[in-house]
Amino acid sequence: MRSIWKGDLSFGLVNVPVKVYSATESHDRSSHQVDAKDGTRIRYRRVREGTDTEVEFSQIANAYESDDGQPVILTKEDLATLPVNRSPEIEILEFVPADQVDPIYFDKAYYLEPASKSPKAYTLLAQALESTDRLAIAMFTLRTRTRLAALRVIDGVMTLQTLLWPDEVRKPEFAFLDQDVQIRPQELEMASSLIDTMATDFDPTQFEDVFEKELGKLIEAKSGGEQAFPEPTAEPEAEGDEVADLLAALRASVSKKADAEPAEAAKPSKPSKSAKGAKSA
């Protein structure tokens with residue numbers, strides 16, 4: 001991995017030098033736009049409006065609108081004069097209970113690596129943060145933008161999760177929220193039973209990107225002039241009372257899950273981490 005930023009993690013009077021790395025990466029297949037008729041590559045050019053004169057990328061600036069509606073051109077040099085862009089610090093502002101930050105605010109994740117010769121200060125902060133079950137709320141500047149972030153520990157590594165600003169999260173305004181929806185006790189009980197039968201520990205390695213897998217099959221099939229997938233047959237829509245169908249569907253789901261459990265229980269299960277540790281001991 002290549003670091004994208006280097007600075008100090010500021011915690012009171014303590015500064016911990018860190019390097020910042022992107023914690024995630026895309027596994028999407030690369031593609032480019034072509035003319036559907038013959039596959040000729042499509043290219044985009046940056047040209048002045050109303051002309052065919054191409055403009056170099058280094059000569060392109062951004063125009064913002066002032067409060068009175070006037071366009072104001074700002075160059076990279078102008079943006080570099082902003083005070084927030086002069087601080088190479090990730091400043092911890094406060095510590096909050098982890099369950100108070102709704103996941104809807106989570107944006108992009110970054111790993112922090114200690115950049116000093118001794119990782120002691122880094123490790124101390126990481127262990128203290130992990131033991132309190134709290135998130136550190138911090139602010140820093142990345143690529144000329146001020147970011148709000150939550151600092152947490154994942155597998156011993158301090159991870160910076162950028163957060164959306166409050167005005168970037170839309171308020172849900174749907175008509176059904178004002179409706180008085182009546183839920184019968186047996187419906188709620190049946191739905192809760194279904195949740196209980198499907199409850200387990202989260203293991204992300206059990207899931208795969210089905211779209212990417214099927215896309216690969218489609219690419220290889222079309223490359224060989226074959227059909228990747230047969231045409232799906234349309235299933236007739238069931239008619240009846242929606243509420244009655246809902247309860248019946250819940251009952252059937254619980255029953256189906258219960259019938260499947262003996263077969264799943266017969267499969268050899270993977271040993272847990274604690275079991276592996278006991279075996280090795």
Side-chain angles (χ1 to χ4, degrees), residues 1-12 14-30 79 82-85 87-115 119 121-174 176-177 191 195 198-213 215 273:
M1 290 192 294
R2 179 184 298 177
S3 65
I4 61 172
W5 191 84
K6 184 177 180 180
D8 290 332
L9 180 60
S10 174
F11 173 45
V14 178
N15 288 333
V16 181
V18 294
K19 293 179 181 179
V20 179
Y21 300 81
S22 292
T24 59
E25 61 184 1
S26 173
H27 62 196
D28 292 348
R29 284 176 175 259
S30 60
L79 293 174
L82 293 173
V84 292
N85 291 338
S87 175
E89 280 190 350
I90 302 171
E91 182 184 5
I92 295 178
L93 306 174
E94 59 187 14
F95 295 89
V96 301
D99 59 2
Q100 287 188 3
V101 181
D102 194 288
I104 197 173
Y105 287 95
F106 288 167
D107 193 12
K108 188 170 174 56
Y110 298 91
Y111 289 140
L112 303 185
E113 177 192 27
Y122 177 99
T123 304
L124 174 62
L125 178 57
Q127 291 184 3
L129 182 60
E130 195 169 25
S131 66
T132 60
D133 194 28
R134 288 179 177 267
L135 298 178
I137 302 301
M139 286 188 69
F140 71 111
T141 301
L142 180 65
R143 300 190 182 99
T144 74
R145 293 292 302 274
T146 302
R147 316 271 177 160
L148 184 67
L151 183 67
R152 53 191 175 133
V153 181
I154 300 178
D155 296 331
V157 177
M158 283 197 283
T159 304
L160 202 64
Q161 188 98 36
T162 56
L163 302 176
L164 298 173
W165 297 102
D167 59 358
E168 292 180 313
V169 178
R170 292 176 173 176
K171 182 180 179 181
E173 297 177 346
F174 303 114
F176 82 90
L177 294 173
I195 291 175
M198 299 175 67
T200 185
D201 293 326
F202 178 58
D203 180 5
T205 62
Q206 299 298 309
F207 305 94
E208 63 178 3
D209 189 337
V210 179
F211 173 81
E212 281 297 312
K213 186 176 180 179
L215 177 62
K273 293 182 180 179

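Nothing here was measured: the structure is a model prediction, and the numbers come from that model. All residue numbers in this chain count up from 1 along the given sequence.
- A donor-acceptor pair under 3.5 Å links the side-chain atoms of D102 to the main chain of I104, judged by distance alone.
- A donor-acceptor pair is defined here as one N or O able to donate and one able to accept, closer than 3.5 Å; such a pair exists between the side chain of Y122 and the backbone of M158.
- A donor-acceptor pair under 3.5 Å links the side-chain atoms of T159 to the main chain of V157, judged by distance alone.
- For R29 against E212, the heavy-atom pair with the smallest separation is N-OE1, 3.4 Å.
- We find the CG-CG distance between L160 and L9 to be 8.0 Å, quoted to the nearest 0.5 Å.
- E208 pairs by the salt bridge (Lys or Arg N to Asp or Glu O under 4.0 Å) definition with K213, not counting sequence neighbours.
- Residue D133 places its CG atom among 12 or fewer non-hydrogen atoms of other residues, nucleotides or ligands, all under 6.0 Å distant.
- Within a 6.0 Å sphere centred on CG of D201, other residues, nucleotides and ligands contribute 12 heavy atoms or fewer.
- A distance of 5.0 Å separates CG of L142 from CD1 of I4, quoted to the nearest 0.5 Å.
- Looking at every heavy atom in both residues, L163 comes nearest to F106 through CD2-CD2, 3.5 Å.
- Annotation: E25, atom CD; neighbour count of heavy atoms from other residues, nucleotides and ligands within 6.0 Å does not exceed 12.
- How far CD1 of I92 is from CZ of F140: 12.0 Å, rounded to the nearest 0.5 Å.
- L177 and P172 make their closest contact through CD1-O, 3.7 Å (heavy atoms, listed as atom of the first residue, atom of the second, distance).
- More than 12 heavy-atom neighbours from other residues, nucleotides or ligands sit within 6.0 angstrom of NZ on K108.
- The minimum heavy-atom distance linking T162 with Y110 is given by the pair CG2-CE1, 3.8 Å.
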Could you walk me through whether F11 and V16 pass the side chain to side chain contact (heavy atoms under 4.5 Å, CB included) check?
-> CA-CA 8 Å; F11 173 45; V16 181; 5.8 Å; no

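- Taken to the nearest 0.5 Å, the CG atom of L129 stands 10.5 Å off from the CZ atom of R152.
- Here the straight-line distance linking atom CD of E113 with atom NZ of K6 works out to 9.5 Å at 0.5 Å rounding.
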Could you walk me through whether L112 and L151 pass the side chain to side chain contact (heavy atoms under 4.5 Å, CB included) check?
-> CA-CA 10 Å; L112 303 185; L151 183 67; 3.7 Å; yes

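- Shortest non-hydrogen contact noted between D107 and Q161 is O-NE2, 3.5 Å.
- For the atom pair CG (L93) and OG (S10), the distance works out to 9.0 Å, reported to the nearest 0.5 Å.
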Please test E89 against N15 for side chain to side chain contact (heavy atoms under 4.5 Å, CB included), starting from the C-alpha separation and ending with a verdict.
-> CA-CA 9 Å; E89 280 190 350; N15 288 333; 4.0 Å; yes

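- Under the 4.5 Å side-chain criterion, counting only non-hydrogen atoms from C-beta, L125 is not in contact with V14.
- Evaluation of the side chain to side chain contact (heavy atoms under 4.5 Å, CB included) rule for R134 yields F95, P97, T132 as partners, not counting sequence neighbours.
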